[in-house]
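What follows is a short report on a single structure.
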Amino acid sequence: MAVSFISSNSLNAATSIKRDVATAVFPVRDYDLAATLESGQAFRWNFINGGWNGIIGNHWIRLRADDFSLTAEAAQPTSDWHWLRHYLQLDLDLATVTMTFPDDEPMRAAVTACRGLRLLRQDPWECLASFILSSTKQIVQIRQIVSLLCERFGEPLTAAPEYTPAFAFPTAARVARATEAELRACKMGFRAPYLLQTARLVTESQIDLERLRQLPVELSRDELLKLPGVGRKIADCVLLFAYGFQSAFPVDVWVMKALQKLYFPHRRAKAKRLHHFSETHFGPNAGYAQQYLFHYMRTKHERA
DNA sequence: CTCCAGGCGCCTT
DNA sequence: AAGGCGCATGGA
């Protein structure tokens, strides 16, 4: 896929602000950037002045979308954009995924309502830590906790000068050196010891997050489930959002509501039944289908 | 005030 | 094995 690339140290004629940035334009189709960044899979994107500011690894980045392309602005000279293409999964042909979804009315409605919704490919440690912090929290609260954690323990990064300072997501080693009290001060409550202990296990190589990529999904899940604060739902989030195991299907309260309302509207289905349904009905990209149902339920479908 | 939020771990049956 | 409950915190 062709990528037009513009590197610029020059002044914009309309402003006197000195810039030293790199910009790249990526042609895309069926990519709803807003839905993707707001769909509860990542927690560090902020919509400002018509664009999305965020951090990927150690890169501050600003993204803008139109109907045919995504425009990325980095705060430092950048010639290799592979990390961004990978994070955004720009080479994925979305139609080949959605065509594997079950051909039923709820799935059609969700795909139609959320056209262009994508799954990101995130860093395993950031994803794992973020979802340990997610339990019984609303997305706005998770965002606040993660933001505090990054400000207090993450490495400072260079952002474009007109925007607020940026911080990398703190490494497992840095979190492992924090005290439980310091973590609780980030408002994470009873999740603090889970995060701290998991950070220590990662730092001590009791678990190798990179090795999990190479395992079958079931074995990778078993490894994640050994970590404190990680149950089936959070493990499946990491499998899906960080490793790209697209059969992983996180079942949370929203998805339970969605399955009940969309697929069993006339009789109350037990949790066991809904779990079994989630594992058998949605096919090889079940996790992708789950994201459509989740986002559809959260944003578009009539609230009961 | 009460209730609940993209759950998990532990304690009961 | 399956179900109930406490856990921090903050917003509705």
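Below, each value reflects all heavy atoms present in this structure, side chains not excepted, and no hydrogens, waters or symmetry copies. Chain identifiers are assigned alphabetically (A, B, ...) following the order of the sequence lines, protein sequences preceding nucleic acid strands; residue numbering begins at 1 within each chain.
Proximity of residues 180-200 of chain A to DNA chain C (heavy atom under 4.0 angstrom from any strand atom) is restricted to A/Arg184, A/Lys187, A/Gly189, A/Phe190, A/Arg191. Contacts with DNA chain C (heavy atom under 4.0 Å) in residues 144-152 of chain A: none are found.
Across all strands, A/Ile234 comes closer than 4.0 Å only to sugar-phosphate atoms, never to a base (heavy-atom distances). Within the nucleic acid shown, A/Val230 comes within 4.0 Å of sugar-phosphate atoms alone, with no base atom in reach, counting heavy atoms only. Note on A/Leu133: nothing from the nucleic acid sits closer than 4.0 angstrom, heavy atoms only. Within the 4.0 angstrom heavy-atom criterion, no nucleotide atom of any strand lies near A/Phe131. Backbone-only engagement by A/Gly231 is indicated by non-hydrogen atom pairs under 4.0 Å involving sugar-phosphate atoms exclusively.
Aromatic ring pairs are classed by plane angle as parallel below 30°, tilted from 30° to 60° and perpendicular above 60°; the pair A/Tyr288 and A/Phe101 is tilted.
Aromatic pair A/Phe282/A/Phe249: ring centres closer than 6.0 Å. You'll find the ring centres of A/Phe167 and A/Phe153 outside the 6.0 Å limit.
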Give DNA chain B the dot-bracket treatment, 5' to 3': Watson-Crick (N1-N3 with N6-O4 or O6-N4) or G-U (N1-O2, O6-N3) under 3.5 Å, [ ] crossing, | other strand. .||||.|||||||

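Taking 3.5 Å as the limit, the base of B/dG6 and the side chain of A/Gln41 contain no donor-acceptor pair of atoms between them.
Within a 6.0 Å radius of CZ in A/Arg29, other residues, nucleotides and ligands contribute 12 heavy atoms or fewer. The 12-atom threshold is not exceeded at CD of A/Glu155, counting heavy atoms of other residues, nucleotides or ligands nearer than 6.0 Å. Within a 6.0 Å sphere centred on CZ of A/Phe68, heavy atoms belonging to other residues, nucleotides or ligands number 12 at most.
Rounding to whole angstrom units, CG of residue A/Asp252 and P of B/dC4 are separated by 17 Å. Atom NZ of A/Lys137 is separated from atom P of B/dG7 by 11 Å (rounded to the nearest Å). Here B/dG6 presents its P atom at 17 Å from CG of A/Leu293, a figure rounded to the nearest Å. A/Leu240 places its CG atom 18 Å from the P atom of B/dG6, with the value rounded to the nearest Å. Distance A/Ile142 CD1 to C/dG10 C1': 13 Å, rounded to the nearest Å. Spacing between atom CG of A/Leu227 and atom C1' of B/dG7 amounts to 15 Å, rounded to whole angstrom units. Straight-line distance from the CZ atom of A/Arg232 to the P atom of B/dG6: 21 Å, rounded to whole Å. A/Trp254 places its CH2 atom 14 Å from the P atom of B/dC4, with the value rounded to the nearest Å.
In this structure a side-chain-to-backbone donor-acceptor pair under 3.5 Å is missing from A/Gln41 to A/Cys237. Under a 3.5 Å cut-off, the side chain of A/Thr112 and the backbone N or O of A/Ala110 do not form any donor-acceptor pair.
OP1 or OP2 of B/dC8 has not a single side-chain nitrogen or oxygen of A/Lys233 nearer than 4.0 Å.
For the P atoms, the distance linking C/dG3 with B/dG6 amounts to 24 Å, nearest Å. Rounded to whole Å, the P atom of B/dC8 lies 22 Å from the corresponding atom of C/dG10.
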Starting from the C-alpha separation in whole Å, work towards a yes-or-no answer on ring-ring contact (aromatic ring centres under 6.0 Å, His included) for A/Phe264 and A/Phe277. CA-CA 11 Å; A/Phe264 302 90; A/Phe277 185 76; 5.2 Å; yes

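Under a hydrophobic-cluster definition in which Ile, Leu, Val, Met, Phe, Trp and Tyr are linked whenever side-chain heavy atoms come within less than 4.5 Å, directly or via other members, A/Leu215 and A/Val238 are assigned to the same cluster. In the hydrophobic cluster analysis, where Ile, Leu, Val, Met, Phe, Trp and Tyr join through side-chain heavy atoms closer than 4.5 angstrom, A/Trp125 is grouped apart from A/Leu148. A/Phe43 and A/Tyr163 are not part of a single hydrophobic cluster, where members link through side-chain heavy atoms under 4.5 Å apart.
Between A/Pro228 and A/Ser39, it is A/Ser39 whose nearest contact on DNA chain B lies nearer the 5' terminus. Taking for each of A/Val140 and A/Thr136 the nucleotide of DNA chain C with the nearest heavy atom, the 5'-most of the two is the partner of A/Thr136.
Ion pairing between A/Arg108 and A/Asp103 holds under the 4.0 Å rule for side-chain N and carboxylate O.
For A/Ser135, taking side-chain heavy atoms from C-beta onward, the closest of the listed nucleotides B/dG7, C/dG10, B/dG6 is B/dG7.
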